[in-house]
*Asks:* 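Below is one structure. I have some questions about it.
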Number of protein chains: 2
Amino acid sequence: MDVPEVVVLRLPLYVRALTQLQREGAEVVSSHQLGGRLQMTPAQIRKDLSYFGRFGKQGRGYNIEFLLDELRDILGLTREWRACLIGVGRLGRAIINYTGFAPEGFSIVAAFDSSQRHIGTTVGDLTVRPMEDLSHAISDQRVTIGIVAVPAVQAQSVIDTLVENGIHGILNYAPVAPHVPMGIVMRNIDPVISLQSMTFYLKDA
Amino acid sequence: MDVPEVVVLRLPLYVRALTQLQREGAEVVSSHQLGGRLQMTPAQIRKDLSYFGRFGKQGRGYNIEFLLDELRDILGLTREWRACLIGVGRLGRAIINYTGFAPEGFSIVAAFDSSQRHIGTTVGDLTVRPMEDLSHAISDQRVTIGIVAVPAVQAQSVIDTLVENGIHGILNYAPVAPHVPMGIVMRNIDPVISLQSMTFYLKDA
DNA sequence: CAATGTGAACGTGTTCACAGCA
DNA sequence: TGCTGTGAACACGTTCACATTG
């Protein structure tokens, strides 16, 4: 069973929309209604879901609670995910203080920096540790995700270090397109790149 | 001449890689070399560029300075882009203080919030203004991009307001999939969604 | 001779349309 | 009757392969 990557990228959007519908008190939703919310075609939603199973009932639609449970299970969202953060400059501190991760089951359990200026300081409720501690922290605290918030020049070497220490998932905020071995899952958060592709469409409007 | 959107999304990556090559002193690059940097096939790079013109020389490759100028022009990066920010909570303040925008020609020239608690306070070098000022600020300060950093529940209505006031490009940090009319260019920055699609691949590794 | 530019071939993702079921 | 699930048709994006050119 091989699922297209684009489909996986859309599943979290379904989770979010279904969660909202649930909060609004809905119990059942059709692919047409869900498509309306997400500006997608009903066929695409049905096809996406069909890669994983048959979750709906003909004539009725999808039971929201059931579908949510299934999708959370498929995405691996039923467990807690522990991440470490590298780089506690302005950006890194903002990430630690971001309140959006915890409610979704993502927690930052360790923070690292290479600069003596930051090591030993407190950010949020974390004490910043030296890079040398990374290896032990990853195994001791069962960290599985690395969040990279260092300057562009350091990003590749930090990512190499994470990978050497067994990290398979990397959320990269540095403005670079890093090189990683196959099997490592990387997501880039890069507002400048987003803006630079936006201006193409704005430039003569 | 119709350019696929995926191609436009890749152009900023070319700009960034070429800029780095230039800093390293290179003057010419082949599609093969550039592909190595970006983990892309040479054919894709050549095809992408061919949508916009013939920038290379057979047997030599691409002149970096020339190609950079062309790409910057294509993307509309030769001018300054002025943005306004809505929402000066923790996230909004971090965005205003982010130093990555200015060097790329994006400046935040006005900040708004609906809460009396924030209005009149200073963030970076901006004084936070009430939402009522939005309309005038957009025309007076020639703002063309809106950056949304409000809580999820307010995001749709803020975006509606931006669109009503002539904004065509929106960088949305709120964790929602907003509904916008055709012709509005939206980019979502959403680390939670990124993590939630990552865990699919991590969950049994 | 090396590397571009590009139609043609291929593969992947989306949409259609309808059989099947509640 | 209403809506799902899904093969088949289609559209879109990527890769190939080679003619072309400095």
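What you see below is based on every heavy atom in this structure, not just the backbone, and it leaves out hydrogens, waters and symmetry mates. Reminder, nothing fancy here: chain letters follow the sequence lines and each chain counts from 1.
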*Asks:* How would you list, by chain and number, every residue that makes a side chain to side chain donor-acceptor pair (under 3.5 Å) with B:E5, sequence neighbours excluded?
*Replies:* none
*Asks:* Side chain of B:S107, backbone of B:V109: donor and acceptor closer than 3.5 Å?
*Replies:* no
*Asks:* Considering only D:dT15, D:dC18, D:dT4, which nucleotide approaches the side chain of B:K47 most closely?
*Replies:* D:dT15
*Asks:* Indicate yes or no for a side-chain donor-acceptor contact from A:W81 to the backbone of A:G76 under 3.5 Å, with no hydrogens or angles considered.
*Replies:* yes
*Asks:* List the atom pairs, donor and acceptor, that lie under 3.5 Å between side-chain atoms in residues 135-153 of chain A and the rest of the protein, sequence neighbours left out.
*Replies:*
from   : atom 1 : to     : atom 2 : distance (Å)
A:S135 : OG     : A:N165 : OD1    : 2.9
A:S139 : OG     : A:S135 : O      : 3.3
A:S139 : OG     : A:H136 : O      : 3.2

*Asks:* Kindly state which residues belonging to residues 67-74 of chain A come within less than 4.0 angstrom of DNA chain D, counting heavy atoms of the residue only, listed by number.
*Replies:* none
*Asks:* Return the residues of residues 30-43 of chain B meeting this criterion: a heavy atom under 4.0 Å from some atom of DNA chain D. Order them by number, or give none.
*Replies:* B:T41, B:A43
*Asks:* Which is more 5' along DNA chain C, the nucleotide nearest A:D48 or the one nearest A:R60? Just name the residue.
*Replies:* A:D48
*Asks:* Going by atom type alone, with no hydrogens or angles, which donor-acceptor pairs under 3.5 Å involve a side-chain atom of residues 56-73 of chain B and a protein atom two or more places apart or on another chain?
*Replies:*
from  : atom 1 : to    : atom 2 : distance (Å)
B:N63 : OD1    : B:E65 : N      : 3.1
B:N63 : OD1    : B:F66 : N      : 2.9

*Asks:* NA contact type, B:R46, heavy-atom cut-off 4.0 Å: base, sugar-phosphate, or nothing?
*Replies:* base
*Asks:* Within this structure, what is the CD1-to-P distance between A:I45 and D:dT6, rounded to whole angstrom?
*Replies:* 16 Å
*Asks:* According to the side chain to side chain donor-acceptor pair (under 3.5 Å) rule, which pairs have a member within residues 145-160 of chain A, sequence neighbours left out?
*Replies:* A:Q156-A:D160
*Asks:* Roughly how far, to the nearest 0.5 Å, is CG of A:L21 from CG of A:L34?
*Replies:* 6.5 Å
*Asks:* Shoot me the first and last contacting nucleotide of DNA chain C against chain B, ordered 5' to 3', at under 4.0 angstrom to non-hydrogen atoms.
*Replies:* C:dA2 to C:dA8
*Asks:* Going by atom type alone, with no hydrogens or angles, which donor-acceptor pairs under 3.5 Å involve a side-chain atom of residues 83-98 of chain B and a protein atom two or more places apart or on another chain?
*Replies:*
from  : atom 1 : to    : atom 2 : distance (Å)
B:R90 : NE     : A:N97 : O      : 3.2
B:R93 : NH1    : B:V88 : O      : 3.0
B:N97 : ND2    : B:R93 : O      : 3.1

*Asks:* Nearest heavy atom decides the nucleotide; on that basis, is B:V29 or A:Q58 closer to the 5' end of DNA chain C?
*Replies:* B:V29
*Asks:* Please give me every residue in residues 4-18 of chain B whose heavy atoms get under 4.0 Å of an atom in DNA chain D, ordered by residue number.
*Replies:* B:P4, B:V6, B:R10
*Asks:* Establish, with yes or no, whether the OP1 or OP2 oxygen of D:dT6 is under 4.0 angstrom from a side-chain nitrogen or oxygen of A:R54.
*Replies:* yes
*Asks:* How many angstroms lie between CD1 in A:I108 and CZ in A:R82, if you round to the nearest 0.5 Å?
*Replies:* 13.5 Å
*Asks:* Expressed in angstrom and rounded to an integer, what is the separation of A:N63 atom CG from D:dC3 atom C1'?
*Replies:* 15 Å
*Asks:* Rounded to whole angstroms, how far apart are OH on A:Y51 and P on D:dT6?
*Replies:* 11 Å
*Asks:* Whole-Å distance between D:dG5 P and A:K57 NZ?
*Replies:* 9 Å
*Asks:* Find the distance B:Q44:CD to D:dA17:C1' and express it as a whole number of Å.
*Replies:* 17 Å
*Asks:* Got a list of side-chain donor-acceptor pairs under 3.5 Å for residues 197-205 of chain A, not counting sequence neighbours?
*Replies:*
from   : atom 1 : to     : atom 2 : distance (Å)
A:S197 : OG     : A:S194 : O      : 3.1
A:S197 : OG     : B:R187 : NE     : 3.1
A:S197 : OG     : B:R187 : NH2    : 3.4
A:T199 : OG1    : A:Q196 : O      : 3.1
A:T199 : OG1    : B:L75  : O      : 2.7
A:K203 : NZ     : B:I74  : O      : 2.9

*Asks:* Determine whether B:Q20 and B:R16 make a side-chain contact, defined as any pair of heavy atoms from C-beta on separated by less than 4.5 Å.
*Replies:* no
*Asks:* Check salt bridge (charged side-chain N to carboxylate O under 4.0 Å, His left out) between A:R46 and all other residues, then give those that pass, not counting sequence neighbours.
*Replies:* none
*Asks:* Output all residues satisfying side chain to side chain donor-acceptor pair (under 3.5 Å) with A:Q33, sequence neighbours left out; order by chain, then residue number.
*Replies:* A:S30
*Asks:* Is it the case that the side chains of B:D2 and B:Y51 hold a donor-acceptor pair, with the cut-off being a distance below 3.5 Å and no angle test?
*Replies:* no
